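Notes follow the structure.
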Amino acid sequence: MKKAITVTGLHKAFGRTHALDGLDLAVEAGEVHGFLGPNGAGKSTTIRVLLGLLRADSGGAQLLGKDPWRDAVELHRRLAYVPGDVELWPNLTGGEAIDLLAKLRGGLDLRRRDELIDRFDLDPTKKGRAYSKGNRQKVAIVAALASDAELLLLDEPTSGLDPLMEVVFQDVILQARAAGKTVLLSSHILAQVEKLCDRVSIVRQGRTVQSGTLGEMRHFTRTNVEAETERPATGLDAMSGVHELRVTDRRVNFAVDGAHLDAAIRRLGEFGIRSLISHPPTLEELMLRHYGDELGSNGRAAQGDTGSPVADGGVAR
Amino acid sequence: MTSTVTPLDVSGRSAPARIVPDAFTGTGTLVRFGLRRDRVRMSLWLLALTLGTLITAAQYKTLYSTPEERAAAVSSMDSPAALAMTGPRHYLSDYTAGAMLGHQMLGFMAVLVGLMSVLIVTRHTRDEEETGRAELVRSTVVGHHAQLASALALAAVANLALALLLALGLTTTGIDGIGPGGALLYGLTHAAIGLVFAGVAAVTAQITAHTRGASGMALAVIGVAYVLRASGDVGDDALSWLSPIGWIQRTYVFVDNRWWPLGLCLVLAALTAAYGFVLSTRRDVGAGLRAARLGRRTASDALTRPFGFALRLHRATLLGFGAGLCLMGVMYGSILGEAADMVKDIDQIQEALARIGGSTVAESFASMVMVVVAVVAAVYVVMAALRPRAEENAGRAEPLLATGLSRDRWLGGHVAVALAGGTVLMVLAGLSFGLSGAASAGDGDLVLELVGAAAAYAPALWVTVGVAVLLFGWFPRAGVAAWIVPVYAFLVGYLGPILQLPDWTKNLSPFGHVPQLPAAGMNWTPLLVLTAVAAGLILLGLAGFRRRDLDTK
């Protein structure tokens, strides 16, 4: 497959802050790629380098086969961008801002614009200062999707949108994917990423810590197993790949590495399984595994390896 | 702060002027917080205003130490042009160094002190609301009048501190004719006029939802007050009595030391401030009194082009400055005829005119007006040329530059508006000055002559744009330094002749190289050089912007 975005060893410092510290990113043409990471991980900085708004200190970045800094204007005609914090001109209406942004991008599909305004339930006659945060985001989303861009760079595009609009957004992105467009989606809404993204990259402190499909990622992490057996299960603690084993009478709880799942379940079968609940790690758990030490340093126990980090409030949805 | 809970005032809108006891809760905390925020800004203002006054006073002492020198100063000041730029004629009756200070400095200091007060008030009221910070503050235990009250208190602190500094500073200089009583009155005139304009800003901050609009409206009031006193001091005294700047000048400080005009100022300040409080209860936090209107559903073709888009953003400022400069032109034009009549018999002036190059009184007056007009246009030009920086800081450049719009074209649009806007403003001012001057002096040739004289300043304005663009491209954080150009041009153009500054000070300013039409002859060389310098600066600035990071939020 052709690469839409290739980033290798990207470095960018602002004074003494190293926003990007050797970040890698590869996005295939035609996929929706999730870009995950905590605040300040360098997601927005990466996107701004890709837009040619910031110049990287070192490392390589290619967008649709071109240099994002040198060929910025040419590239911008083929892509659309939605920032996470949309600022509008106070005395321009939303409709004017949409037209302005879409036309400057090089083409505005009037029918598509009206359809999107309708679907997102946006009043385009209000002045920029009168819009709420969510409505400002809608203006940028409509402007981005109303022009025929082949690549969409979305930096937390739905921050401030209500759940209904979130559904509309997901629908619109799936349509864009079906139309063969490439999407880089930076997001904190993990359900959105799980639903939309073919592959994800997780970044932390300016570096990519993991990249792949959700399936691949899950395989490398632990599955949580909760079972009730006829006889108390024994011997599981001796097995490799089994963690956090808790046996209380006939109930057993443990987490097992993807590669050892088969062996663990076989062993469990020997004691007569009455009920079995197993669930693959959620994206939240995957994320927490990578940020575990960060939470730890914030005064929380490392949650990455445990079964129910969400109940602990480790991640805010 | 107390932990009182203000009950929800459901009838608040129907009984707007009622002030509940808790309405000022938290004012003290906000004042201390404001002082903390403004400690550098305010100190710089106070320092600049105090030092400016003391240096000027010291200059008067050395330049006009003998009675003969003072008599010469009186005769050079006794012209309509000079009176329009300074103050009422009565000061000339006893023209000591103190009287010179009251006569030549008060009017112009009133504008600066007014500017300081307006900026303090809008910064702590409307700007807080516009950025949304007020919402956060108002959600705490803070009464609904606390923010305006604290802003006014901050303005009062600044103004009283200035009064004290001036009084102490002037007393210690030990200049003849400057006694402690007069020095105190001189300081307090500044505080009084500052409070008046703080009150005006308290009103304008309620009317519009924009900081820029609120400051602009208050500055327009200062402008009108200045123009009224200028017309009154040259012609009909009654006009000056309509202006608070005229009031403080009529304390005749260091001459008669009248205190009662300060009372007028205090009453006006109290009335305007109270009106501001009343108006503030008639609107929501973050909103203006004028309801936001709906607008166009789609963009016009012009808006989607860089120049048209930039013009749209600059439109309101450009219209405001256009109206102001036209007013100035008409006002100065209307006294042009009198100017010619009044000074016919004064020898010194005739000699001075002969030195410039055999021009008429009206022409020399016109040249002087041009300097002032050009400085005002330069203020617009700097505001316009710094607009890209404001857009960048507000995060509004980012989405545009992520489209097919190149950095050159985006910045170019703003620069083009600044260049063309400055030129149009000069021509407009020249035209209104020329038309009204031709009518008052009965000389039709003045129209074209004055339009030409005004247009000759365009290259100097372009250089000003160039300085701002250069800073924007290479040292964006130092963009405010571009204000040095109009401020310096003003100081040299306005105070230069009074303080008899050497010629090289004038040459540092692009405005110093413009031929002083119509009093002096036309000289194309400096204009061409200025244009070339402007082009070079702009190109350099564009190149710098092409290669730097965009500042993002």
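Because the structure is a prediction, the values reported are computed rather than measured. Residue numbering restarts at 1 for every chain, and letters A, B, ... go by the order of the sequence lines.
- In summary, A:Arg48 and B:Glu398 engage in a salt bridge, as defined by a charged side-chain N under 4.0 Å from a carboxylate O.
- For A:Asp148, the CG atom counts as loosely surrounded, since its 6.0 Å shell holds 12 or fewer non-hydrogen atoms of other residues, nucleotides or ligands.
- Of residues 308-319 of chain B, those residues lying under 4.5 Å from chain A by any heavy-atom pair are B:Phe309, B:Arg312, B:Leu313.
- Looking only at heavy-atom pairs under 4.5 Å with chain A, the residue among B:Arg297, B:Arg396, B:His210 that has the most is B:Arg396.
- Separation of atoms CD (A:Glu87) and CD (B:Glu391) is listed at 10.5 Å; rounding is to 0.5 Å.
- Checked options A:Lys103, A:Arg105, A:Arg77; the residue passing with B:Thr403 is A:Arg105 (criterion: side-chain contact (heavy atoms from CB on, under 4.5 Å)).
- Residues B:Arg409 and A:Val73 have side chains not in contact (no heavy-atom distance under 4.5 Å, counting atoms from C-beta outward).
- Looking at heavy atoms from C-beta onward, B:Leu405 lies out of side-chain contact with A:His76 at the 4.5 angstrom threshold.
- Here the straight-line distance linking atom CG of B:Leu294 with atom OG1 of A:Thr125 works out to 4.0 Å at 0.5 Å rounding.
- Not a single side-chain hydrogen bond (donor to acceptor under 3.5 Å, both in side chains) links A:Thr208 to another residue, sequence neighbours left out.
- One finds the OG1 atom of B:Thr552 at 8.0 Å from the CG atom of A:Leu53 (value rounded to the nearest 0.5 Å).
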Exercise. Show your reasoning for whether side-chain contact (heavy atoms from CB on, under 4.5 Å) applies to A:Arg129 and B:Glu130.
Key: CA-CA 9 Å; A:Arg129 73 175 87 96; B:Glu130 201 181 9; over 6 Å; no

